[in-house]
Number of protein chains: 2
Amino acid sequence: MLTPQEHRTLQFIRRHLAEHGYAPSLEEIGAAIGVRSRGSVHRYVSRLQDKGYLRRAPHGARALEVLDGPGDPAGSLPLLGRIAAGRPIEAIPGQDTLNLADFLLGPDRYALQVVGDSMIEAGILDGDTVVVRQQDRAEDGDIVVALIDGQEATLKRLRRCGGGMIELIPANAELSSMVYSAERVTIQGVVVGQLRSYR
Amino acid sequence: MLTPQEHRTLQFIRRHLAEHGYAPSLEEIGAAIGVRSRGSVHRYVSRLQDKGYLRRAPHGARALEVLDGPGDPAGSLPLLGRIAAGRPIEAIPGQDTLNLADFLLGPDRYALQVVGDSMIEAGILDGDTVVVRQQDRAEDGDIVVALIDGQEATLKRLRRCGGGMIELIPANAELSSMVYSAERVTIQGVVVGQLRSYR
DNA sequence: AGAATAGAGAACAAAACGAGAACATGCAAG
DNA sequence: CTTGCATGTTCTCGTTTTGTTCTCTATTCT
């Protein structure tokens, strides 16, 4: 079992890792847990390593890695069924678990946070996050991340007009679609998923 | 594990790649992370390559490819930034990873697949999946799973009227809201998240 | 008192860092 | 083809940060 200081150390390392993407230095850990001496911090980290909570490369700066503690989330939700207005919730045969990874993850994917209302009628609201698969081709009707003149990035629905022209259609009646010659438009990726968190 | 500079380098390469479709030059990377010397940048890129985050063709200009880094924890996506129509993709300070579990999972949550268009103006489309937190209370304005007369389940926005009446408001101008006495309505949960997968 | 533990800090070693020179390579303009 | 430019590669140098190993002291517990 961990001592209070060891626990604080591990907590801080986890938090720092989540927040910055890289491990803290001994100095930083010390500042966080209220210890001035790097040597003392070193002792904590060594003990956490011995107890199997951390892995560490000798002499590598910030070469800390947090190992799986007990009780890490599995990444899935119970999928109870379908809800339609005015009916009881109906189970989906053969489908009782929603695995987030299967649902959204995949190779060459990344997330972008959407600013603005240009795709609101496609159910993509200001502040939503879209999952984009990186690729340079898209089909008509796909929602794409497009680069115009190598400068402006935008999220729009794609349609090919005749004559090498490309139409980028917002899903917002207040905005009008733009038509560009194909050379001016580069497709950076296609939206394959979307997610939102309330509050 | 990555050092802070290595991390910034990788983030910038990812973003540049997503936005422009080709890798940045050493000079551009240097400018982005605040290093004047191409040699130093080269060292970063080499180290990222050694650590398995990048692949690189020798002597090819801008011949960089981002691999699925060993440091990317399972169940997460690289969050490259914000996209607003007509602007370059802008990095989000202090936020470069989207952890699906943090984003959507939590205690007492389950998923429901939505059938119908009754919440379309709230960005919840037919076929979307909503994440619901099970609870029997909700605040005005929450989107709730409500059970009417213990029979019909429905997804609506909640509003309390005076006199023990409850209004369930669809987000669809073609439908009208329904008002029930409080006894007839049971709240099953509150929508806390939503996700969608295209194709 | 004696043993165990924690923090401070010194001293050293290794790694990371930034700069910049020098050279190689590939590409495109002339 | 030659030249020039952008780019990648390989160095060296000096500095700073970071990790490692000590010893010393204070505190706690038995």
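Each chain gets a letter, A, B and so on, in the order its sequence line appears, and its residues count up from 1.
Scanning for salt bridge (charged side-chain N to carboxylate O under 4.0 Å, His left out) contacts around B/E167 gives B/R159, with sequence neighbours left out.
Proximity of A/I148 to A/T154: side-chain heavy atoms (C-beta onward) are separated by under 4.5 Å at one or more points.
Residue B/H42 has a polar side-chain atom (N or O) positioned under 4.0 Å from OP1 or OP2 of D/dT9. Between C/dG20 and B/S40, no contact under 4.0 Å exists linking OP1 or OP2 to a side-chain N or O. Considering only side-chain N and O atoms, B/Q5 lies nowhere under 4.0 angstrom from the phosphate OP1 or OP2 of D/dT17.
Put simply, B/L125 and B/L195 are part of two different groups of oily side chains (I, L, V, M, F, W, Y) that touch within less than 4.5 Å, one to the next. Under the 4.5 Å side-chain heavy-atom criterion for Ile, Leu, Val, Met, Phe, Trp and Tyr, A/I83 and A/Y198 are members of the same hydrophobic cluster. Cluster membership check: A/V144 does not share its hydrophobic cluster with B/L17, using side-chain heavy-atom separations under 4.5 Å among Ile, Leu, Val, Met, Phe, Trp and Tyr.
Candidate nucleotides D/dT18, C/dG7, C/dG18 were compared by shortest atom distance to the side chain of A/A61, and D/dT18 ranks first. The listed nucleotides are C/dA19, C/dA16, C/dA6; the one nearest the side chain of B/R36 is C/dA19. Comparing atom distances between the A/R38 side chain and each of C/dG20, D/dT18, C/dA22 picks out D/dT18 as nearest. Comparing D/dG19, C/dG18, D/dT20 against the side chain of B/V35 picks out C/dG18 as the nearest.
For the pair B/E27 CD and C/dA19 P, the interatomic distance rounds to 12 Å; values are reported in whole Å. Rounded to whole Å, atom C1' of C/dA14 lies 13 Å from atom CG of A/L26. Taking atom CD1 of A/I13 as the reference point, atom P of D/dT18 lies 15 Å away to the nearest angstrom. Straight-line distance from the CD1 atom of B/I33 to the P atom of C/dG18: 7 Å, rounded to whole Å. For the pair B/M1 CE and C/dA16 P, the computed distance is 13 Å after rounding to whole Å. Note: CZ (A/R56) to P (C/dA14) measures 16 Å, nearest angstrom. Note: NZ (B/K51) to P (C/dA15) measures 12 Å, nearest angstrom. To the nearest angstrom, C1' of C/dA15 lies 15 Å from CG of B/L2.
Across the helix from C/dA1-D/dT30 to C/dG30-D/dC1, the helix axis at one end is tilted relative to the axis at the other end by 30° (nearest 10 degrees, each axis from five pairs).
Around atom NE2 of A/H7, no more than 12 heavy atoms belonging to other residues, nucleotides or ligands sit under 6.0 Å away.
You'll find a donor-acceptor pair under 3.5 Å spanning the side chain of B/R43 and the base of C/dG18, going by distance alone. For A/S37 against C/dG7, a side-chain-to-base donor-acceptor contact under 3.5 Å is absent.
Distance check, rounded to the nearest 0.5 Å: CG of B/D96 to CG of B/L80 gives 9.0 Å.
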*Show the numbers, then the answer: is there a side chain to side chain contact (heavy atoms under 4.5 Å, CB included) between B/L77 and B/T97?*
CA-CA 6 Å; B/L77 284 168; B/T97 304; over 6 Å; no
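Residue A/G39 is classed as a base contact, given a heavy-atom separation below 4.0 Å to a base.
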